[in-house]
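Below is one structure, written out as structure tokens; comments come after it.
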There are 2 protein chains.
Amino acid sequence: MSTRRETVRQALTGCTGFRSAQDLYADLRAGGSKIGLTTVYRALQALSDSGEVDVLRTDDGEAVYRACDSEAHHHHLVCRKCSTAVEIEGPAVEEWAAEVGARHGFTGVTHTVEVFGTCAECARS
Amino acid sequence: MSTRRETVRQALTGCTGFRSAQDLYADLRAGGSKIGLTTVYRALQALSDSGEVDVLRTDDGEAVYRACDSEAHHHHLVCRKCSTAVEIEGPAVEEWAAEVGARHGFTGVTHTVEVFGTCAECARS
DNA sequence: CCCCTTTTTGACAATCATTTTCATTTTCTC
DNA sequence: GAGAAAATGAAAATGATTGTCAAAAAGGGG
Ligand SMILES: [Zn+2]
Ligand SMILES: [Zn+2]
Ligand SMILES: [Zn+2]
Ligand SMILES: [Zn+2]
């Protein structure tokens, strides 16, 4: 399909951490692309709708995206300084979330889990 | 201290679910208060800074607050429809988060965990 | 290729939660 | 009560995100 969406996907795939729409737009423009900000937003929307990229919110509410290796359900360990992320899994957490939801009579239970810290790299400086 | 902050704290304490600053402002005005929106924001900021209220982000990035019973570290099971929340604990999750952070060389590890679903009440309608 | 329909794009304006400003009011201290 | 310090709120500013709409690109017969 759209060549622009592909451009955005690739820009994101080249990143190890989470990036905002504004970040990606700046990167792409700096790289010579004539892409528009609106298009970056639309591409990220489409990519996250289709589950190709993960999205989370920073403390100040900004949406940040990441093209993860795994398509399967997983969580992230994110560096507070450089935003580098590691994909992590926690079967125990999955079970706990489902169980606690059921125990309180909730249905259609989902969860969000993110772990933050300072990565070894950033800890040096 | 501030009388206004106390007003906001009480308004929030009367709620079972998470409310946004705009929600609380509307509630208070509807109740006859002459409080300003800025003050509601400032009160919520102060209350969350001091750990008296919990804050989380909705899917669209809006900050919502809750005056929980427990001052201790805990998480929430939140209804997707009415936003009613139940305070939950998960020792296994606490350990898992700390362990996975350490295993990858991260320091100062924290985490965010929220469980969502439809409460029994809302499931009926 | 050419014409026409459909989709994509991007500049610009519009939203909307949140933050800043700043002058006024209230509270505190002496 | 007088003056300094903190709190308040109306209005303007900010900044990410979304909506609008006309121009540009892509597709598909003929
Ligand atoms: Zn780092
Ligand atoms: Zn999970
Ligand atoms: Zn409910
Ligand atoms: Zn926890």
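Letters A, B, ... are given to chains in the order of the sequence lines, protein chains preceding strands, and every chain is numbered from 1.
Note: B:H75 and B:H111 have tilted aromatic rings, judged against thresholds of 30 and 60 degrees for the angle between ring planes.
Atom-to-atom, CZ of B:R4 to P of C:dT25 comes out at 14 Å; the value is rounded to the nearest Å. One can place CZ of B:R19 at 16 Å from C1' of C:dA17, the figure rounded to the nearest angstrom. The interatomic distance linking A:Y25 (OH) with C:dT9 (P) rounds to 15 Å, in whole Å. One atom, CG of B:D60, and another, P of D:dG15, lie 21 Å apart when rounded to the nearest Å. Going from atom CG of B:D59 over to atom P of D:dT17 covers 14 Å, rounded to whole Å. Separating the CG atom of A:L37 from the P atom of D:dT20 is a distance of 17 Å, rounded to the nearest angstrom. Rounded to an integer number of Å, the gap from CG of A:L24 to P of C:dG10 is 15 Å. Protein atom CG of B:L44 is 13 Å distant from nucleotide atom P of D:dT8, rounded to whole Å.
Here the CG-CG distance, from B:L28 to B:D23, works out to 11.0 Å after rounding to the nearest 0.5 Å.
Note on A:R66 versus A:E87: salt bridge recorded, some NZ/NE/NH1/NH2 to OD/OE distance being below 4.0 Å.
Put simply, A:Y41 has a side-chain N or O that comes within less than 4.0 Å of OP1 or OP2 on D:dT17.
Remark: A:E89 CD is loosely packed, at most 12 non-hydrogen atoms of other residues, nucleotides or ligands lying under 6.0 Å away.
Checking C:dG10, D:dT17, D:dG9 against the side-chain heavy atoms of A:T39 singles out C:dG10 as nearest. Of the candidate nucleotides C:dG10, C:dT18, D:dA16, C:dG10 has the atom nearest to the side chain of A:R42. Closest to the side chain of B:E62, out of D:dT17, D:dT8, C:dA17, is C:dA17. If you check C:dT18, C:dT20, D:dT8 against the side chain of B:T38, the one that comes closest is C:dT20.
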